[in-house]
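In what follows, a structure is listed as structure tokens, so that the remarks can point back to it.
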Amino acid sequence: MYAAKLFPARSLPVTKADSISQPRVWADGRQELCETLHYFRAYHGGSYTTGGFARGFMFDKSAHKRDYMDSAVVIARAGGGLVKDKDTGERVISSDRTEDTKVTSLRNSMQYFNPVVIIAGADNPNMPSKTCHAYSVLDYFKPTHIWTEKSKGMKIMRYRFERLDSTNPSWWTPNDGEQVEHGSLDPPLLHTCIECKHDSQQIYLQGWMCLQPGCPNFWLLAPTAENPLPHEPVEAELEYDPCFLKQRTTWPNDHHEYSLTSNNVGLSGLSIAGEDCSLAYWLGMVCPKCGRCNSRLGWVGWECGSQGCTWTKELPHTFIAAQAIREPYFPLSGGYTMSRDTHLPLVKLDVSFKDNYRINRYTIPGINGFVAHLIANKTVVEEEGGPDQMFEELQQVDIGLRRRGLGNGMLKGESYTRHFTVNYGMPYKFIAATSSATFDGAARPVTHTRSRLNWAAKSLLTDEATRELKNDTDDGGEALEKARQKIEEAWRLKEFNEVLALGYFEQQRINYHDDGEFGLGPTIATLSLGAPGTMRLRMKARHYNGMSNAGVYDDTPPLPGCVAYEARLEAQKHLAHIKATNSSVYRASLKTIPKQLGLKSGGTARDAITLTLAHGDIVIMHGEGIQKYYEHSVDHAGKLRFALTCRYIDPDSLKETDKPDYEVGPDEECYDGSKLPAAA
Ligand SMILES: [Zn+2]
Ligand SMILES: [Zn+2]
């Protein structure tokens, strides 16, 4: 029975046979997979564990040479612990592997009879048949063995899995058949170690070895005639014992049904307001027709991304009334609203009150421009056609919001933003390629936002100009009026001509980024609607650390609040001198300065300003320096939030192919917020 010829020396076939059928669940990309499948939510690495249990494994390109896969059994090395070899660039085992939390999680799954799901990547060299997807879900498996062995002198840990349900053939069985049926051979040899008294099965045809890593007999073959001492096997010659491979392990829940697909979420008459914006409702769905994992990309629902597949699913929206988003602990009134914003001491704050808004204006030393937070009161949010109505209208019309592809290639397949966007007016392609639509016939909240923010920005910039005048001169009146007119005229030429609408469901957010780009005006205004958001501004890492991640000194002038500010100021003077005199010395010193100053990459600056963006609030960022040196993120803790951002985009900055095929006309609504009843 121990006939090696049952298994001719394993060499992987150059061309694999087709599988006997197709996977029930598959994915084109890692993000869509992780958003859709509850048993594999790990964006990196080959295993997913949660709550102390292993849930899923993905075996793709990086396989150990003794990894094995047939239609019922999978053997794999426990992941992790690899480092890049300095000479070959290959990822190699760097140190002895011992039982860590990942291994313990799989041991838990084994002890509690929790099956795990195995997914095969398209680059998996051991798949016995052809696959035609980036990721193919195999099935539920029982982890049956966890053991330690040696590879290239290092201890590694290995797993064996058996398919849970063997009542029907695996879809990935090659159609040219498998030679040995699962469970058809004698059970493997079980032997007790004379040293450590532990039992273990014989895994390799070369002979039984103790698999207890602490035992003196670990990984040693018994003496033979040619080799009179216990000895390690020759790794290249190791071959699996077919009886070990093909053994069948029984579990009490063998053949039980476990779901490979996603939850099929739905709504009932008792669903709460905004339930369809909950996390569970924007997870991906497995297409019931073709098995593809589909992220929810559409504001209104899912559609299958598989070519030729027409499956779609839409859910009705359970409406959230504006009254329902009032915050019980922060009641609004007709007076000026209290602030919930905070800032670091180095940031300068000016507070003013105007036209029903509290205005928190922040300036950062070393940066021209400002960040202003206009906090709305009850009069503003309940104004006819104002924030309350806009929020409700945006829930009743489809303005074309979609999650857009990022195209950044970090993960296999396409990645998508974690929020929905649509652009109106001049095209804007900064965060993600966004198809743009004309203002003509656009939903009222879109065009009204433009007008409202034009008013707010113009009003604020006028205050800025007059603030400077007041500081400079005492002859008030006439000069102020002149300044006002000047801004009015300048604004008319470069008023906001673009609205980027963002929609956020529960737990959706936008990570740290900046809004700076060639061709954009220096003023960016955003209106918040719905659940209150939190906006955080911090210095970008390269300016904070004074160096790039690659370790090169960043010679832009340092800002107060950065690492080693004083020392970098000094270095700056010295650098400016050699930059002008010797460019090769200059370039060389960019690499040595970080060490001299004790700078390190990888640090992150504290948030300098944290704003609570409530329903109806406006944020205005003015000046290029803010975008150059600082970045911001926004998240929220509610079910539904909108952010509508306006910019001026210079049409001449657009590539010919990016120019819109429609006219972007002027703002004709001419909203004037100063006409509201005064705050009281
Ligand atoms: Zn032993
Ligand atoms: Zn489909």
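- Judged by the 6.0 Å distance and 45° axis criteria, R538 is not positioned over the aromatic ring of Y630.
- At least one donor-acceptor pair under 3.5 Å links the side chain of S548 to the backbone N or O of V552.
- Geometrically, K412 engages Y135 in a cation-pi contact defined by less than 6.0 Å to the ring centre and at most 45° from the axis.
- The aromatic rings of Y357 and W455 sit tilted relative to each other, their planes meeting at an angle between 30° and 60°.
- N356 places a side-chain N or O within donor-acceptor distance of the main-chain N or O of P677, the cut-off being under 3.5 Å.
- By the 4.5 Å heavy-atom criterion applied to side chains, I364 and Y629 are not counted as neighbours.
- Residues satisfying the ring-ring contact (aromatic ring centres under 6.0 Å, His included) criterion with F330, sequence neighbours excluded, are absent altogether.
- Between E498 and R450 there is no salt bridge, since none of the side-chain N atoms of the basic residue sits less than 4.0 Å from a carboxylate O of the acidic one.
- Taking NE2 of H543 as the reference point, atom CD of E631 lies at 9.5 Å (rounded to 0.5 Å).
- Salt-bridge annotation for E489 and K486: absent, with no side-chain N of the basic residue lying under 4.0 Å from a carboxylate O of the acidic one.
- Checked against the 6.0 Å centroid criterion, the rings of W299 and F505 qualify as a close aromatic pair.
- Comment: R292 engages E32 in a salt bridge, judged by a side-chain N to carboxylate O separation of less than 4.0 angstrom.
- Note that NE2 of H632 and CD1 of I626 are 10.5 Å apart. Values are rounded to the nearest 0.5 Å.
- Every ring-ring contact (aromatic ring centres under 6.0 Å, His included) that Y504 has, sequence neighbours left out, goes to H419.
- Partner of E303 under the salt bridge (Lys or Arg N to Asp or Glu O under 4.0 Å) criterion, out of K289, R296, K313, R402: R402 alone.
- Of the inter-residue distances, the one linking K639 atom NZ with S278 atom OG reads 3.5 Å to the nearest 0.5 angstrom.
- D355 is linked by a salt bridge (charged side-chain N to carboxylate O under 4.0 Å, His left out) to nothing, counting only residues two or more places apart in sequence or in another chain.
- The two atoms that bring N545 and G603 nearest to each other are ND2-O, 3.0 Å, heavy atoms only.
- Taking 4.0 Å as the cut-off between side-chain N and carboxylate O, K628 and E624 do not count as a salt-bridged pair.
- Within a 6.0 Å sphere centred on NZ of K482, heavy atoms belonging to other residues, nucleotides or ligands number 12 at most.
- Scored by the side chain to side chain contact (heavy atoms under 4.5 Å, CB included) test, T447 finds F439, A442 as partners (sequence neighbours excluded).
- The list of salt bridge (Lys or Arg N to Asp or Glu O under 4.0 Å) pairs with a residue in residues 661-680, not counting sequence neighbours, is empty.
- We find that R536 and D635 are joined by a salt bridge, their nearest charged nitrogen and carboxylate oxygen being less than 4.0 Å apart.
- For H636, there are no side chain to side chain donor-acceptor pair (under 3.5 Å) partners at least two apart in sequence or on another chain.
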